[in-house]
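Notes for the one structure printed next.
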Amino acid sequence: MTGEPEPRQGTDEPRRTGSDDNRAWRRPGPQQVPPPPPAPKGMWRGDGGGTFGDIRPMKALPRMSVRLRLTLLYGLLFFVAGALLLFVMSVLMANILGSVKVIGYNISDEEATALQRQFVEQTMQQLVGRSLLALGGVGIITLVLGWFVADRALGPLQRVTTTARRLSESTLHERIALEGPDDEIKELADTFDAMLERLGQAFDSQRRFVANASHELRTPLAINRTLLEVALGDPDVSDDLRAVGRTLLATNARHERLIEGLLLLARSERELVTRTPVDLAEVATKVLERPARGDNGTDVSVHPELTPGDALGDPVLLEHLVSNLVDNAIKHNVDDGGEVWVRTGMLEGYATVQVENTGPVVPAYEVERLFEPFRRLNADRVESSKGAGLGLSIVRSVVLAHRGAVYATPRPGGGLVVTVRLPSG
């Protein structure tokens, strides 16, 4: 997109890329860029051209809740027990009725036996038929009662589930504190409470570590920077010592940026305590108004296309998010005549910030790795003069803390298009 005309704000004139796909941005602000397809999970999810490409996975059966399974189990056990009882009663009743003798005047033994057999058959038919009706009616009542009994039995488990869903870093002080008989469910709740206690201690330890590290690591670097600046300010310093001092000062500044990035990464991975409405356009404007965005020695043109986009989150973290995206786009750009486009606005109901830049060609398989700490394109832990390799890692951590989504796609001709979507305010 190098050398292409910039669209005028408030007009409908599209800005076309210089690639062969002839795609055009429809308007100022973030545009729809398809996220990379998910990686295939197993050989049964072919792309259509392989041996298994035309095979479709079986649809998953609807999930049956434990309450429904317990209800059906109660009903099944009742019907089995009722059928067994009905069978035993039928056998006993048949034996009792078989011992009944038919007595009458002028009736032969054959006629008496036939009348007895007819009486037993009719009685047993009525007994079995009415017993089955009674078993069915009582069985329906049993299913209804079993539904409520299962709900009452699973009540403590539902309480455990509700507490687990409600918990976050700021609510780890809550406990289930289940009361009742010392059974398996109470043992599960007590085990969950013990786990919450350990998690709370771990998070407290992490907060203390971040606070102590922030002080212990920043102080000596700040002292070193001050001493070097004072030494370089002495007019009697030789040129050789001045060159060494400037080198040490640049190294000290790089270490300060690394420590700031690590501390920000640790803070951004924690759950947000408070969320406030934030306009991403205002955040981007504030970031772009900062003077001298990096000493990269290249002439990079930044083109803002800012439209309102209200997100719900932490203003400081969102400012770091946009700043890291812009700094990363400027640092990893072409050596001469680079360009960066910063867009904000609403896209498909989400507050969106999108940063596009020219730069080296990025293979699609390398995009996901760029979000890992200390990862750089075609280099791992080298060429650290451009940064500590934490920019996109911090972006992803901030996005996850805001329960949003971030994805990047290679730009035709070189560079990246990074899109961040956040819940709207």
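Starting from 1, each residue takes its place in the sequence as its number. Being a predicted model, the structure only gives us computed values, none of them experimental.
Partners of Glu187 according to the salt bridge (charged side-chain N to carboxylate O under 4.0 Å, His left out) rule, which considers only residues two or more places apart in sequence or in another chain, do not exist here. By the salt bridge (charged side-chain N to carboxylate O under 4.0 Å, His left out) test, Glu282 pairs with no residue at all, sequence neighbours left out. In this view, Asp193 satisfies the salt bridge (charged side-chain N to carboxylate O under 4.0 Å, His left out) rule with no residue, not counting sequence neighbours.
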Open item on the list: Set out, in order, the CA-CA distance, both residues' side-chain angles and the distance that settles side chain to side chain contact (heavy atoms under 4.5 Å, CB included) for Arg343 and Leu306, then state yes or no.
Closed with: CA-CA 5 Å; Arg343 310 182 184 96; Leu306 308 180; 6.0 Å; no
Task: Trace of the side chain to side chain donor-acceptor pair (under 3.5 Å) decision for Ser301 with Glu339 - done: CA-CA 5 Å; Ser301 301; Glu339 294 185 272; 5.5 Å; no
Open item on the list: Pair Glu229, Leu249 - check side chain to side chain contact (heavy atoms under 4.5 Å, CB included), show working.
Closed with: CA-CA 8 Å; Glu229 290 175 350; Leu249 192 60; 4.2 Å; yes
Open item on the list: Assess the residue pair Trp147 and Leu143 against the criterion (side chain to side chain contact (heavy atoms under 4.5 Å, CB included)); give the C-alpha distance rounded to whole Å, side-chain angles, the decisive distance to 0.1 Å, and a yes or no.
Closed with: CA-CA 6 Å; Trp147 176 263; Leu143 289 175; over 6 Å; no
Task: Worked verdict on Leu416 versus Glu356 for side chain to side chain contact (heavy atoms under 4.5 Å, CB included) - done: CA-CA 6 Å; Leu416 279 177; Glu356 177 182 1; over 6 Å; no
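In this structure, the separation between OG1 on Thr285 and CG on Leu280 is 10.5 Å, given to the nearest 0.5 Å. The line from CG of Leu157 to CD of Glu184 is 11.0 Å long, rounded to the nearest 0.5 Å. Separation of atoms NE2 (His332) and CG (Asp327) is listed at 9.5 Å; rounding is to 0.5 Å. Rounding to the nearest 0.5 Å places CZ of Arg369 at 15.0 Å from CG of Leu392. The line from OG1 of Thr142 to CG of Leu76 is 12.0 Å long, rounded to the nearest 0.5 Å.
No more than 12 heavy atoms of other residues, nucleotides or ligands sit less than 6.0 Å from atom OH of Tyr350. More than 12 heavy atoms of other residues, nucleotides or ligands lie within 6.0 Å of CE in Met195, so this atom counts as buried by the packing criterion.
Residues in residues 68-81 take part in no salt bridge (charged side-chain N to carboxylate O under 4.0 Å, His left out) pair, two or more places apart or across chains. The stretch residues 141-152 participates, sequence neighbours left out, in these salt bridge (charged side-chain N to carboxylate O under 4.0 Å, His left out) pairs: Arg67-Asp151.
In this structure the side chain of Leu347 reaches within 4.5 angstrom of the side chain of Arg421, judged on heavy atoms. Side-chain contact between Asp310 and Pro277 is absent, with no heavy atoms from C-beta onward closer than 4.5 Å. At least one side-chain heavy atom of Leu70 sits under 4.5 Å from a side-chain heavy atom of Val66. Using a 4.5 Å cut-off on side-chain heavy atoms (C-beta onward), Val322 and Val420 make no contact. Here the side chains of Val283 and Asp279 are not in contact, with every heavy-atom distance at 4.5 Å or above. Residues Asn357 and Val418 form no side-chain contact, since every pair of their non-hydrogen atoms from C-beta on lies 4.5 Å or further apart. Counting only heavy atoms from C-beta outward, the side chains of Ile394 and Leu321 never approach each other to under 4.5 Å. Under the 4.5 Å side-chain criterion, counting only non-hydrogen atoms from C-beta, Leu221 is not in contact with Arg225.
Remark: Lys186 engages Asp190 in a salt bridge, criterion side-chain N to carboxylate O under 4.0 Å.
Side chain of Thr344 to backbone of Val353: no donor-acceptor contact under 3.5 angstrom is found. With hydrogens and angles ignored, the 3.5 Å screen pairs a side-chain donor or acceptor of Ser131 with a backbone N or O of Leu127. The main-chain N or O of Asp314 is found under 3.5 Å from a side-chain atom of His402 such that the two form a donor-acceptor pair. No donor-acceptor pair under 3.5 Å is formed between the side chain of Thr276 and the backbone N or O of Leu312. Judged by distance alone, the side chain of Asn328 and the main-chain N or O of Asn324 form no donor-acceptor pair under 3.5 Å. With hydrogens and angles disregarded, no donor-acceptor distance shorter than 3.5 Å links the side chain of Asp299 to the backbone of Gly337.
Between Ala94 and Met124, the shortest heavy-atom distance links the atoms N-SD, 3.9 Å. Across Leu135 and Phe79, no two heavy atoms sit closer than the pair O-CE2, 3.9 Å. Summarising the geometry of Val278 relative to Pro315, their closest heavy-atom pair is CG2-CG, 3.7 Å, with the distance given to 0.1 Å. Closest non-hydrogen pair, Pro156 versus Ile185, comes out as CB-CG2, 3.3 Å. Nearest heavy-atom pair across Pro410 and Ala364 is CG-CA, 4.0 Å. Between Gly349 and Ser424, the shortest heavy-atom contact is O-OG, 3.6 Å.
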Identify every side-chain donor-acceptor pair in residues 234-248 under 3.5 Å, counting partners at least two apart or on other chains, and give the distances.
{"residue": "Asp234", "atom": "OD1", "partner": "Asp236", "partner atom": "N", "Å": "3.2"}
{"residue": "Ser238", "atom": "OG", "partner": "Leu241", "partner atom": "N", "Å": "3.4"}
{"residue": "Arg242", "atom": "NH1", "partner": "Leu232", "partner atom": "O", "Å": "2.7"}
{"residue": "Arg242", "atom": "NH2", "partner": "Asp234", "partner atom": "O", "Å": "3.3"}
{"residue": "Thr247", "atom": "OG1", "partner": "Ala243", "partner atom": "O", "Å": "3.0"}

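One side chain, Asn333 or Thr358, offers a donor N or O that lies under 3.5 Å from an acceptor on the other.
The one candidate from Thr352, Val355, Thr409 that meets the side-chain contact (heavy atoms from CB on, under 4.5 Å) condition with Thr419 is Thr352.
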